[in-house]
Amino acid sequence: MPAKTETTTQTAWPEGVIARYLTVGGATVDIEYASVSGVITASCYGCPWQRRTDTQGLRTDTPEEEQERVDDWMPTARKKAQDHAEKCRAMPRPAGV
C-alpha cells in the first residue's frame with residue numbers, strides 16, 4: 001500500500017509582511033516594516049498583542065543604511081513575535097473583524 005501523502009496549500013503573505021509566525025491557535029503573527037516611519041511592527045491576528053520597534057531611521061539614509069538598520073533590529077522583533085506565537089492560543093479573527 002503506498003504511503004499517504006499530505007498536501008499543504010500556501011497563500012501569499014499580505015503586502016509589506018517580511019516575516020510570519022503561526023500561533024498555537026492557528027492565527028499568525030506578522031512582522032511588517034514601514035520605511036517612511038522606520039518602525040518594525042509585530043502584530044498577532046488572533047489577539048490584540050502588538051509590539052512596535054522604532055529603528056530610529058533617518059530620511060537621509062541610503063537604501064543600504066536602511067537595510068543595515070532593519071537587519072540590526074530584526075532579531076529582536078523576530079524573537080518577540082516567535083515567543084508570542086509559541087504561547088498564543090487565540091484562533092484567527094474572522095475576515096472583516
Side-chain angles (χ1 to χ4, degrees):
M1 175 179 235
K4 183 178 177 181
T5 58
E6 188 173 312
T7 59
T8 58
T9 304
Q10 290 196 2
T11 58
W13 289 2
E15 188 173 335
V17 173
I18 57 176
R20 177 172 264 193
Y21 298 88
L22 186 63
T23 69
V24 176
T28 60
V29 178
D30 292 349
I31 297 178
E32 299 176 73
Y33 173 69
S35 182
V36 173
S37 63
V39 173
I40 298 171
T41 305
S43 304
C44 181
Y45 288 92
C47 75
W49 183 89
Q50 186 178 71
R51 295 294 181 271
R52 294 170 47 94
T53 303
D54 185 349
T55 66
Q56 301 171 354
L58 304 172
R59 291 190 183 274
T60 57
D61 284 351
T62 65
E64 293 81 14
E65 290 170 326
E66 180 179 30
Q67 186 61 53
E68 184 176 326
R69 203 178 58 257
V70 171
D71 289 346
D72 287 346
W73 284 97
M74 276 304 289
T76 300
R78 287 180 190 271
K79 172 127 179 53
K80 289 178 182 179
Q82 187 169 1
D83 287 350
H84 176 78
E86 289 174 355
K87 298 172 190 157
C88 183
R89 298 193 179 282
M91 296 176 65
R93 287 184 231 161
V97 174

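Note that the coordinates shown come from a computational prediction; the quantities given were computed from them, not determined experimentally.
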- Task: Report the residue from Gln67, Glu68, Arg69 that forms a side chain to side chain contact (heavy atoms under 4.5 Å, CB included) with Asp71.
- Result: Gln67
- Message: With a 4.5 Å cut-off on side-chain heavy-atom distances among I, L, V, M, F, W and Y, is there a chain of contacts connecting Val70 to Ile31?
- Response: yes
- Message: Which heavy atom of Ser37 sits nearest to which heavy atom of Asp54, and what is that distance?
- Response: O-OD1, 4.3 Å
- Message: Under a 3.5 Å cutoff, is there a donor and acceptor pairing between the side chains of Gln50 and Thr41?
- Response: no
- Take Thr55 and Ile40, measure what side chain to side chain contact (heavy atoms under 4.5 Å, CB included) needs, and give me the verdict at the end. CA-CA 7 Å; Thr55 66; Ile40 298 171; 3.7 Å; yes
- Message: Measuring only between side-chain heavy atoms, which start at C-beta, is Cys47 closer than 4.5 Å to Arg89?
- Response: no
- Rounded to the nearest 0.5 angstrom, the CD-OG1 distance for Gln82 and Thr23 is 12.5 Å
- Task: For the pair Asp83 and Lys87, find out whether any cationic side-chain nitrogen is under 4.0 Å from an anionic carboxylate oxygen.
- Result: no
- Item | Separation of Tyr21 OH from His84 NE2 (nearest 0.5 Å) | 13.0 Å
- Can you measure from CZ (Arg20) to CD (Glu32) and round to the nearest 0.5 angstrom? 9.0 Å
- Item | Spacing of Asp72 atom CG and Gln56 atom CD [to the nearest 0.5 Å] | 11.5 Å
- Message: Under 4.5 Å between side-chain heavy atoms, counting indirect links through other Ile/Leu/Val/Met/Phe/Trp/Tyr residues: same cluster for Val39 and Met74 or not?
- Response: no
- Separation of Ile18 CD1 from Tyr33 OH (nearest 0.5 Å): 8.5 Å
- Quick check: are there more than 12 heavy atoms from other residues, nucleotides or ligands sitting under 6.0 Å from CD of Glu65? yes
- Query: What are the two closest non-hydrogen atoms of Leu22 and Ala27, and how far apart are they?
  - Reply: CD1-O, 3.3 Å
- Note on the structure: Distance col, row Trp13:CH2 vs Asp30:CG, nearest 0.5 angstrom, shows 8.0 Å
